[in-house]
Amino acid sequence: MNQFLLTPIEYLKGVGPQRAALLSSEVGVRTFGDLLNYFPFRYIDRSRYHQVSDLIELDSFAQLKGRIIQVVESGGTRHKRLTAKFQDESGVIDLVWFQGAKWIKPLLKAGVEYQVFGKAKQYGSTWSIPHPELTEWKDVHQKTGLQPVYPSTEKLSSKGLHSKGIEKLTAALVLQIKDKIPETLPLELLQENRMISREQSLYLVHRPDTEQHFHQARFRLKFEELFLLQMELQIRKQITTQRSQGFVFKDVGKVFTDFYEHFMPFQLTNAQKRVLKEIRKDFLSGHHMNRLLQGDVGSGKTLVALLTMLMAIDNGFQAALMAPTEILAQQHYETIGSLLNGLPVELRLLTGSIKKKEREHIHAGLLDGSIQILVGTHALLEDVVQFANLGVVVIDEQHRFGVAQRAKMRGKNTIPPHVLVMTATPIPRTLAMTFYGDLDVSVIDELPPGRKPVTTMHRYESHRLRLFGFLREQIALGRQVYIVYPLINESEKLDFNNLMEGYEAISRAFPLPEYKVSMVHGKMKPEDKDFEMQRFLKGETQIMVATTVIEVGVNVPNASVMVIESAERFGLSQLHQLRGRVGRGAEQSYCILMTGQKLSKETLKRLETMVRTNDGFEIAEVDLQLRGPGDIMGTQQSGMLDLKIADLSKDAQIVVLAREQSRALLLADPDLTQPKHATLNLILREALKSRPNWGRIA
Ligand code: ADP
Ligand code: MG
């Protein structure tokens, strides 16, 4: 690395030891290089003027030109307030000062033209601009262009390093960078994509002059960031693929064929077929499979899992299917058992509640190889669970498991078993590419035929009586109903009380003996939970009052109505998951989102999206826009989110481009040995060393 970039920030004019210490502790800026990479998060267009009449809709800083027509002082001695009525061609707005009235007032000259800069806020019914920047028009030296806005902190601001202060520093620094910024990207790549140099980009991102330059700079820096990330991911993948040895499942054997031809209750969808082909290809490759299967709720992942496991069995291996909850494991066990009905496959269930004796039996059967498919929960992870020759592991609802748990499953054999992880939480394409760049991804993007899309409605509390009427109608038709309460944190007392009150209200509105109501929540003992769940499953109760414990995977085809209480408190993907519990049978299903009256814009957007579409990928995209990538992927992967300038929710196109370009480059020069890739090679080797293995999920 070059000396200039490593120069301690203390030595930049205007910094000094005190501010340097603060920059380091507050935002991690220690060197010139760090500051150059401390990017503005937004820009204000100082070349444009707004109209007073536009301000109300504009939720950002605005620049105005006009005259002060009147100055008023109000309030007592303690809450003094200074107001200037400011007028342009379109209207009048108040400029307000809550502090400093004494020295500001003499500066305000009625009738004189000013440039005003600030953000309009609503106080009660009137709009005003608190503490605007005010410059007499004659003193405005026509500044054009974009003004960068930097992230700052309270402590930094207190030492003069608010956005403006930081801007002064970066402005001074970029004046010194000429010929000091080494290029990181290969020349060819720059030319091909018409990108400007790193040096130019760093200058322009801090000091944009024209709109066009500004876009060029941002594009170049975003591309670079995403490109290097993709390169890194793909090199990792190369390394693991080269190193990994995987079982070859050569034969499509008797069990698979028998099942496929005689036992399968329906035709596979095209998407299911495609995914199975992809898996089969992995099984023949000699390398270890590490595949993520994404498929919306109800898309038929279980069948794919079963067929995958049968391929292993036919080649003399064992298979395991792990699910995150007892109910789900149980259900998989039963589904698979009935699908296999009559076929000579040894299938067992292992969960925490299996009795000791039976458990020991299972352990022995796994070790001597007589058990062929093991379905279970976390119990599979225990060290005592050892297999004779585990060939493939399928992990359902993978986001419910931690990285360590998945790795543990992989370690259950000296040659790691193939791993298929399944998720019903669609991940937007750009995120999947970035987070799972070293993983193969299959998608089931087609639902089995004959499904009626769930009809979704948003209703307010005032609609409750009619809701109950509707539920009675549905129950009279022989259907079952879920009513779900938010219990986001199961220890939250208030939530729990809501659930209980809800249960009581429902029990009153749907009284015995005509109606029977089940309830499950996270505080119940697993046996009790299971008992209640079973009653509902068998149709002994018509209503299931529950918390989100039922969110994952449960299949009750006769349940056709999902009522979600306080729907405003759920995230989009959770709402979508819950809705996926219905619409599994032949009947028209309904999802009713109940909310209070006061809803934020964002909440309305969530609800609207749910009402508008059933497409999980579309919902995931909206979710990404609303919440950003960090919240979607969870903190586990947050280390990967140290993106400095690219934004995965907005820069999808650049992600795709970066991925294509990195693939092409590695295809041409897999080991980066060509001289023109020397710098790249160096950078990536550093990156690979400093970030061991964050991308792996299994
Ligand atoms: P998920 O992907 O949510 O795990 P499941 O595997 O539980 O979905 O499948 C949902 C339902 O669809 C099940 O009742 C299953 O039997 C049925 N199903 C799966 N594949 C098909 C198919 N190809 N044709 C018709 N029904 C299918
Ligand atoms: Mg499932």
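Numbering of ligands and ligand atoms starts at 1, following listing order. Any value given below was found using the heavy atoms of this structure, including those in side chains, with hydrogens, waters and symmetry copies removed.
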Donor-acceptor contact present, side-chain S560 to main-chain S589, <3.5 Å: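 Judged by distance alone, no pair lies under 3.5 Å.
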Under 3.5 Å donor-acceptor, E446 side chain and A271 backbone: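 Yes, E446 side chain to A271 backbone: donor-acceptor pair under 3.5 Å.
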Value rounded to 0.5 Å, distance of CG in L374 from CG in L390: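 One gets 9.0 Å once the value is rounded to the nearest 0.5 Å.
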Distance, nearest 0.5 Å, that separates OG1 of T351 from OH of Y333: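 OH of Y333 is found 10.5 Å from OG1 of T351.
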Residue pairs passing the side chain to side chain donor-acceptor pair (under 3.5 Å) test where at least one lies in residues 305-320, sequence neighbours excluded: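 Residue pairs with at least one partner in residues 305-320: there are none.
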Give the atoms of ligand 1, by number and element, whose distance to some non-hydrogen atom of [X] is under 4.0 Å.
X	result
T302	4 (O), 5 (P), 6 (O), 7 (O)
V297	3 (O)
Q272	19 (C), 20 (N), 22 (C), 23 (N)
T269	23 (N)
L268	23 (N)

Partner set under side chain to side chain donor-acceptor pair (under 3.5 Å) for E346, not counting sequence neighbours: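 For E346, the residues satisfying side chain to side chain donor-acceptor pair (under 3.5 Å) (neighbours in sequence not counted) are R348.
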Closest contact, heavy atoms only, T257 versus G253: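 Looking at all heavy atoms of both residues, the closest pair is OG1-O, 2.6 Å.
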Heteroatom distance test (G300, ligand 1): nitrogen or oxygen, under 3.5 angstrom: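 Yes, since at least one N or O of G300 sits under 3.5 Å from an N or O of ligand 1.
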Geometric N/O contact G298 with ligand 1, under 3.5 angstrom: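 Looking only at distances, the answer is yes, because the N/O contact criterion of under 3.5 Å is met.
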Option whose closest heavy atom lies nearest to atom 12 (O) of ligand 1, chosen from E446, R584, R451: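 It is R451 whose heavy atom sits nearest to atom 12 (O) of ligand 1.
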Best match, K301, Q294, Q267: closest heavy atom to atom 2 (O) of ligand 1: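 Selected option, by shortest heavy-atom distance: K301.
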F249 ring center near H418 ring center (under 6.0 Å):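 Yes, ring centres under 6.0 Å apart.
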Ligand 1 contacted by [X] (non-hydrogen, < 4.0 Å):
X	answer
D296	yes
S299	yes
H332	no

